[in-house]
Amino acid sequence: MSTSGQHQFRYTQTPSKVLHLRNLPWECIEEELVELCKPFGKIVNTRCNVGANHNQAFVEFADLNQAINMATYFASSSEPAQVRGKTVYIQYSNRHEVVNNKGPGDVPGNVLLATIEGVEAGDVSIDVIHLVFSAFGFVHKVATFEKAAGFQALIQFSDVETASAARESLDGRSIPRQSLSPFYLWKYLLPDHVSSCNLRISYSAHRDLSIKFQSHRSRDYTNPYLPVNPSAIEGFVQPAVGPDGKIKEPESNVLLASIENMQYVVTVDVLHTVFSAFGTVQKIAIFEKNGGTQALIQYPDITTAAVAKDAIEGHCIYDGGYCKLHLSYSRHTDLNVKAFSDKSRDYTIPNSTVWQNSQTASMFPGNGFSGGGAGPTWYPNTQAGRPPFVSGPSTFPGQTYSQSSVPAYAAAADFSVMQPGQISGASQPPRQHNMGPGGASHPGQPPYNG
DNA sequence: AGCACA
């Protein structure tokens, strides 16, 4: 002690919340440092493998007193600090913060930067990106763009934790060619010519993306009132003006859906699922007209209706061309429907407990995607001739192959998103407000409740 | 065993 005191005397150390550690085992890892240091306080940063021998490190504590605690403890302890049996020498660093080896893309934030490798910008739609990332939590905004690195997207989550979970699970993975969603709309995620589609994900320095328009390049799922950029929508799904220059119908917050080739029963629940992908559905009414089935779907605003209309128009609810949807704007602006019947719903009436349970969580098309490629793919025409939805909500197809709870993306080679019906939330009101397609929540994260 | 720079 007196000798070491003399050494200390030669190298006068002013206390710092950064400690310098030396004589560490070669290529000591962060976890080993943390193990050694965390009893003394909160570690905010580390830097390992410093020096020619890779046997030095820096540890930064949140508080100076924590560093002092550690330094003085080992200075007077008969048991030296050790890592893997090697004595570690600890002093105050002559620096006051750790600058670590993390690049800018490694600094956690709530916005992710995804580079989608091996695709052209037009190959992966913003809806697919939204679907994939929504498995981890509510996606606030998405912006896509092309850079030298390729096709990229910024995905904004509520918080760092959600973004980190998504990054951990998705970085280096591929977007699967098709999901197992029974909803044809979300079944084929990639065009045929795309052979692989790797995701490289880092953190963006952005905290809040500025989205000017809802378009095929950018979406703000928190703001249904954001105007749709007509030029950006153009060529995305359906131009609003026909080739014959026909005057487009006046927009409305209520959509009229005609269901063509309705080989299977289309229930209010099914429509709610499909249309909720674009925003809050307020009311639905199903009726017969001219021997066909039609439905009115009411959104709170025109913008949401416009986005939904453009995205869904001409798509089929089921694979095989079944239940093809044709959409137009209704002249209605506020439907007068029964709160709960087999042909209508008013979701704006709170606490309609009769149907609430079936509405919560189990109604997202994105949830159908799963199983690491191993789960059964659901086709309406393989259900032993039985129409899929006749028995009501409990036979929602996503639940027909529900398995035990699996963490999202647990499978080795493919996507594995939790199954519908596994999100607990029987007490959640049906307010999957502004959820995009596949607005599934990660386990432990309740659906967004605006 | 004695302070990094990406």
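These figures come from a predicted structure and were not determined experimentally. Numbered from 1 within each chain, the chains take letters A, B, ... in sequence-line order.
- Considering all non-hydrogen atoms of both residues, A/V34 and A/I43 come closest at CA-CD1, 3.8 Å.
- Using a 4.0 Å heavy-atom cutoff across all strands shown, A/V50 reaches sugar-phosphate atoms only and no base atom.
- Residue A/I90 contributes atom CD1, which lies 14 Å from atom C1' of B/dG2 at whole-angstrom precision.
- A salt bridge is defined here as a Lys NZ or Arg NE, NH1 or NH2 lying under 4.0 Å from an Asp or Glu carboxylate O, and A/D171 with A/R200 meets this definition.
- Rounding to whole angstrom units, CG of residue A/N55 and C1' of B/dG2 are separated by 11 Å.
- A sub-4.0 Å separation between OP1 or OP2 of B/dG2 and a side-chain N or O of A/Q56 is present.
- Centroid-to-centroid, the aromatic rings of A/F136 and A/F157 stay 6.0 Å apart or farther.
- We find that CD of A/E97 is positioned 12 Å from C1' of B/dC5, with the value rounded to whole Å.
- Atom CG of A/N49 and atom P of B/dC3 are 16 Å apart (whole Å).
- Proximity note for A/F58 (side chain, C-beta onward) versus B/dA1, B/dC3, B/dC5: the nearest is B/dC3.
- Contact record, A/P15 with A/L64: C-CD1, 3.8 Å, taken as the closest heavy-atom pair.
- No donor-acceptor contact under 3.5 angstrom links the side chains of A/Q91 and A/H20, judged on distance only.
- Atom pair A/N53:CG and B/dA4:P shows a separation of 13 Å (rounding to whole Å applied).
- What you find for A/I90 and A/A81 is that their closest heavy atoms are CD1-CB, 3.6 Å.
- For DNA chain B, the neighbouring residues in residues 16-45 of chain A, judged by any heavy atom under 4.0 Å, are A/H20, A/R22, A/N23.
- Going from atom CD of A/Q91 over to atom C1' of B/dA1 covers 9 Å, rounded to whole Å.
- Distance, A/Q82 CD to B/dA1 P: 14 Å, rounded to whole Å.
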